[in-house]
Each structure stands twice: as C-alpha cells, then as structure tokens.
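Remarks on the structure that follows.
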Protein chains: 2
Amino acid sequence: MSIFNFSLNKVSPQPVYEQYALQLRALIEREVLKEGEFLPSEFELASQWGVSRPTVRRVISELANDGFLIRRHGIGTSVLSNARRRTPAYHGVFEELQLDGRNPKTEVIGFARIDLSKENAISLELPVSSEVVRIQRTRSIDGVPLAILSNLIPVDISEKISRTDLQEHGLYELLDRAGHKPFSGTQKIGARTGSISERKRLSLELDKAVLTIDRITRDMHGRVIDLGNHVYRAERYFVEMAIGKENGGEFL
Amino acid sequence: MSIFNFSLNKVSPQPVYEQYALQLRALIEREVLKEGEFLPSEFELASQWGVSRPTVRRVISELANDGFLIRRHGIGTSVLSNARRRTPAYHGVFEELQLDGRNPKTEVIGFARIDLSKENAISLELPVSSEVVRIQRTRSIDGVPLAILSNLIPVDISEKISRTDLQEHGLYELLDRAGHKPFSGTQKIGARTGSISERKRLSLELDKAVLTIDRITRDMHGRVIDLGNHVYRAERYFVEMAIGKENGGEFL
DNA sequence: TAGTGGTCTAGACCACATT
DNA sequence: ATGTGGTCTAGACCACTAC
C-alpha cells in the first residue's frame with residue numbers, strides 16, 4: 001500500500017486535481033515525504049491514481065508553483081527543502097511575531113465624513129465633490145501604542161460598516177463582508193521622523209523614527225475601496241515578506 | 001485579417017503557448033485590445049491559431065495569472081483594466097521612480113574577509129569557523145548619498161566577484177553570473193533613527209530616520225548566498241509593491 | 001538506451017450564464 | 001437552447017539526463 005493511495009470523492013464539486021494536490025501537499029507538510037525525496041514518475045502516478053497524465057501534471061504543477069516540489073527535466077520531481085520553498089508572502093509582522101498571549105486592542109478615534117481634498121479625490125478616483133469617510137484608529141498591544149491607522153473610504157461603502165465593528169474586526173475583513181473584497185492594490189513603505197501629534201499618540205521620544213505604509217486597495221471591479229495611511233512605531237514593528245522569482249530585482 | 005493572426009516560429013525552441021502569450025500580451029499592453037474587450041472563444045482561437053484548445057487555454061492562463069485577462073465561466077474571457085490588473089510586485093523604488101537622466105553611482109568601500117560572528121554564522125547557516133566576505137557599498141544619485149549596502153557572502157562565491165565588477169553591476173546580477181542565481185529569500189523592512197556613522201555617510205541631519213532592509217537570499221539549491229543589511233535615507237527612498245490575493249491580509 | 005518531464009493534439013462531458 | 005469556460009482523457013512526439 002503506497003503512501004500515494006489517495007482518496008477521491010467523485011461526487012464532490014472539488015476537481016480531482018485539487019483533491020490530490022491537497023493530499024500530496026499534506027504529505028509534504030507532515031514530512032511523510034521528506035526533503036529531496038522523489039515522487040514516482042508522472043506515468044506511475046497516473047496509473048496509481050487512475051487518472052490521466054495531464055491531470056497528474058496539474059496536481060504537480062499546483063505544488064511546484066507553491067514551491068513544494070521541483071521538477072527537473074530528465075530527472076524527476078522531488079521535494080524542496082523548507083529553505084528552498086517559497087513561503088507565501090506575508091506582511092505586517094509584529095514585534096517578534098508573537099501575538100499569542102498578547103492583548104491587541106483597536107480604538108476608533110474618528111469615524112466621520114470629511115471634505116475630500118483634491119489630491120485624495122484623485123487618488124480615490126472620485127469627483128472632488130464626493131464625500132468620503134475618514135476612519136482613524138489606534139492599535140496597541142498590552143497597552144503600548146503601536147500604530148495610527150487612517151483610512152479614507154467611499155461613503156456608500158462606509159455605511160455598511162459600524163464603529164463598533166471596527167473595534168472587533170480588521171477593516172479588510174469588514175470590507176469583505178460588505179461585498180467589497182480587497183482584490184489588488186499598491187503600497188509604499190517608507191520611513192520618517194514622527195510628527196508632533198504622532199509622537200504624542202505613539203508615546204514616541206523626540207525625533208524617533210516611524211515606519212509608514214500608504215496603500216490603495218481596490219475590489220475585483222477595480223474600484224478604489226480604501227486609501228490607507230498607516231504610521232507605526234519603528235522599534236516595535238517591521239514588515240516581513242518572502243521574495244521570489246517575480247518580485248526579485250535588486251534594490252537600489 | 002484578425003488582430004489575432006499571430007506569427008508562429010515552428011522551429012524555435014520557444015513553445016507555442018509562450019509565443020502566442022507574448023503576442024497577446026503585447027496587444028493588451030499596446031491597448032489594441034482595450035479594457036473590457038472580449039477575446040474570441042477558446043474554440044475560435046484554437047481554429048484561428050491552428051492549435052488545440054488546451055494550448056489556447058495555456059496561453060490564456062499565462063495572461064490570466066498575470067492579471068491581464070479575466071475568465072468568467074459561461075461568459076467569456078475579457079481584458080482587465082489597468083487598475084484591476086495585478087502588476088508584478090516590484091521593489092526598490094527610487095525617489096520619484098525616475099532613474100532616467102540621473103547619475104547613479106556605486107562606491108565599494110569595503111571588500112574583505114571577516115570573522116563570522118556567531119549570530120551571522122547561524123543566519124548564513126555556516127559553521128562558526130567559516131570565512132565570509134563583507135562587501136560594503138554606498139549608492140548615490142547625482143552625488144547625493146542614498147544608501148549604505150552591507151552584504152555578507154560565502155568566500156567561495158565571493159571569489160567569482162571582483163571589486164570593480166561591483167562598481168558597474170548590481171550584486172544580484174553578479175551572483176547570477178557566478179552561477180548562484182537568487183531564487184528565494186526573506187526580507188524585513190523597518191525603520192529607525194540613523195546611527196552616528198550612518199548619519200555621516202548619508203549626510204543625514206541629526207536624528208533623521210532611515211529605512212532598513214535586511215534580507216537573506218538563497219539560490220535554487222537552498223543555499224544562503226547573501227545576507228544583506230541595507231540602510232537608506234528615508235526622505236529619498238521608499239519601497240513600493242503590488243499587493244494581491246496571496247500577500248494580502250491585514251496589517252496589524 | 002531507457003526513463004524522465006515538456007509540449008501538444010483531438011476529442012469528451014460538465015457547469016455556468018445568457019437568451 | 002446555445003455558447004462559454006472548467007475538467008479530464010488517452011494518446012503522441014520531443015528534449016533532457018543518466019547509465
């Protein structure tokens with residue numbers, strides 16, 4: 001009985017390649033299949049699984065794209081080490097990454113319609129006369145202020161979000177629920193010396209640095225649903241991310 | 001004569017799907033195919049191109065993955081707007097992005113073997129006794145200092161790189177040439193107040209902020225080939241990136 | 001030479017959205 | 001009912017790597 005004897009639900013709407021990919025992925029994650037180990041050839045897998053080779057290839061492609069497997073022409077398909085694996089990019093790491101046991105808190109310090117400045121109107125791609133809502137929040141951990149979050153959101157979307165929601169949930173989660181799932185966007189990460197009001201809010205010492213993140217978020221239809229300006233205490237926050245093939249390129 | 005009458009080089013080692021994908025992509029980028037416009041159905045394209053439907057699907061998949069096209073079941077395949085498009089993540093944006101007409105310069109201020117500190121040995125996954133080379137560079141634009149780049153590189157790799165190479169080319173380009181193509185990695189972006197020596201090197205005013213990028217780069221075999229610590233003048237540098245499905249997730 | 005993955009074909013059946 | 005994309009099959013030939 002091979003470890004590749006996977007189960008297949010033929011009535012499930014989940015496609016075959018997805019079912020097998022999930023099970024194969026689990027084998028790798030649980031290290032039943034260890035680093036460097038080779039998979040049976042595509043022909044063998046096709047016969048073992050009772051599917052065609054294109055389907056086997058699709059399964060393997062899924063995992064190869066996620067960096068779990070590497071295919072080498074003329075050699076075979078083997079398991080990549082954790083180190084070689086491209087972990088999914090992930091952002092917004094928090095101090096030493098440990099949220100467990102911490103006590104994060106969000107305070108909503110502003111939730112009101114504002115007049116749109118000309119430049120913000122352009123960024124949001126709205127007519128200058130449009131109304132937007134400015135949401136201002138502070139985030140703290142164990143009572144220590146961490147960040148000031150300021151977001152501009154079109155009025156019609158903001159109406160689906162309440163002030164109390166914001167204390168319990170992330171903005172993106174709420175936008176999603178409101179039917180505006182964040183889909184794409186751009187962000188700039190920069191640094192500067194904190195301003196007077198930022199120093200006050202973040203309990204910063206004089207002239208200490210802050211990390212800034214400015215982002216534009218769009219829903220699936222390309223509509224701008226959020227314009228965020230976030231300011232973090234630099235000593236307690238950094239952004240961590242995986243870098244892979246596409247987003248390589250040397251930094252200047 | 002349809003705009004989809006692409007050319008096909010049958011002797012080229014470049015696969016068919018890639019040749020067609022490139023030409024289709026060009027149509028979209030030049031806006032011959034405009035936002036919202038529909039492609040012929042996969043069957044029609046297969047017949048026009050003289051290839052099978054799976055090949056057509058592969059062509060379309062390439063562009064759909066890059067966010068140029070969107071496929072909707074039962075409806076068809078259409079061109080995404082620039083806004084909806086997920087532009088490839090790209091980092092290391094420079095002032096206002098304009099390198100054109102600028103005069104970037106790299107000065108190598110250090111290129112020597114050093115004793116490996118214990119913590120760096122662990123990061124590079126080398127025995128503590130191993131020797132590494134520390135490369136220190138400064139980058140400036142039009143005579144204005146922009147960044148201090150410090151990299152640790154295993155000795156055997158550094159031997160394939162010369163000091164003069166570094167003045168002309170990027171480190172990653174040189175690593176690539178040396179047979180250690182950067183493959184994956186992790187980086188942390190943070191901010192802090194510049195140290196005394198950094199203030200001097202970057203001509204920073206007292207207590208000005210710097211943006212820091214620390215990265216670990218690995219080659220295809222999972223070997224650590226670079227440990228970089230980069231410090232940028234915050235007023236003149238920021239990191240810009242696209243955010244998509246995978247690397248979404250709310251920032252804390 | 002044998003075995004591997006890479007590409008491609010020519011179909012089939014299905015689920016989905018529109019008419 | 002029609003046409004679309006989504007899945008899957010059962011082959012074929014090629015290019016690459018090892019032996």
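The basis for the numbers below is simple: all heavy atoms, side chains too, and nothing from hydrogens, waters or symmetry mates. Letters A, B, ... are given to chains in the order of the sequence lines, protein chains preceding strands, and every chain is numbered from 1.
- In this structure, CG on A/N151 lies 7.0 Å from OH on A/Y172, to the nearest 0.5 angstrom.
- Residue contacts for A/R57: at a heavy-atom cut-off of 4.0 Å it reaches a base atom on one of the strands shown.
- In this structure, B/F38 atom CZ and D/dG5 atom C1' are separated by 12 Å, rounded to whole Å.
- Proximity of B/S41 to the phosphate of D/dG3: no side-chain N or O atom is located under 4.0 Å from OP1 or OP2.
- Contact annotation: A/R53 does not reach the phosphate of D/dT9 (side-chain N/O to OP1 or OP2, under 4.0 Å).
- The phosphate of C/dC8 (OP1 or OP2) has no side-chain N or O of B/Y17 nearer than 4.0 angstrom.
- A donor N or O paired with an acceptor N or O is not found under 3.5 Å between the base of C/dA17 and the side-chain atoms of B/H73.
- Side-chain polar atoms of A/Y20 and A/T55 form no donor-acceptor pair below 3.5 angstrom.
- Look at B/T55 and you'll find a side-chain N or O under 4.0 angstrom from OP1 or OP2 of C/dT9.
- If you take CG of B/L39 and P of D/dT4, they are 12 Å apart, rounded to a whole angstrom.
- Geometrically, A/R58 engages A/Y17 in a cation-pi contact, judged by NZ or CZ lying under 6.0 Å from the ring centre and within 45° of the ring axis.
- Heavy-atom distances to DNA chain C give each of A/P54 and A/I75 a nearest nucleotide, and the one nearer the 5′ end belongs to A/I75.
- Here the C1' atom of nucleotide C/dC8 and the OH atom of B/Y20 are 13 Å apart, to the nearest Å.
- Of the N and O atoms on the side chains of B/S158 and B/R113, not one donor lies less than 3.5 Å from an acceptor on the other residue.
- Between B/S52 and C/dG11, a side-chain N or O to OP1/OP2 separation shorter than 4.0 Å is absent.
- The nearest whole Å value for the distance from the CZ atom in A/R71 to the P atom in D/dA15 is 19 Å.
- Remark: B/L69 CG to B/T77 OG1 distance equals 6.5 Å, nearest 0.5 Å.
- For the pair B/R58 CZ and C/dT9 C1', the computed distance is 14 Å after rounding to whole Å.
- As rounded to whole Å, 17 Å separates atom P of C/dA12 from atom CD of B/E42.
- A straight line from CD of B/Q14 to C1' of D/dA15 spans 16 Å, rounded to a whole angstrom.
- Between the CD atom of A/E44 and the P atom of C/dT4 there is a distance of 6 Å, given to the nearest Å.
- Taking side-chain N and O atoms only, B/R72 has no distance below 4.0 Å to OP1 or OP2 of D/dT4.
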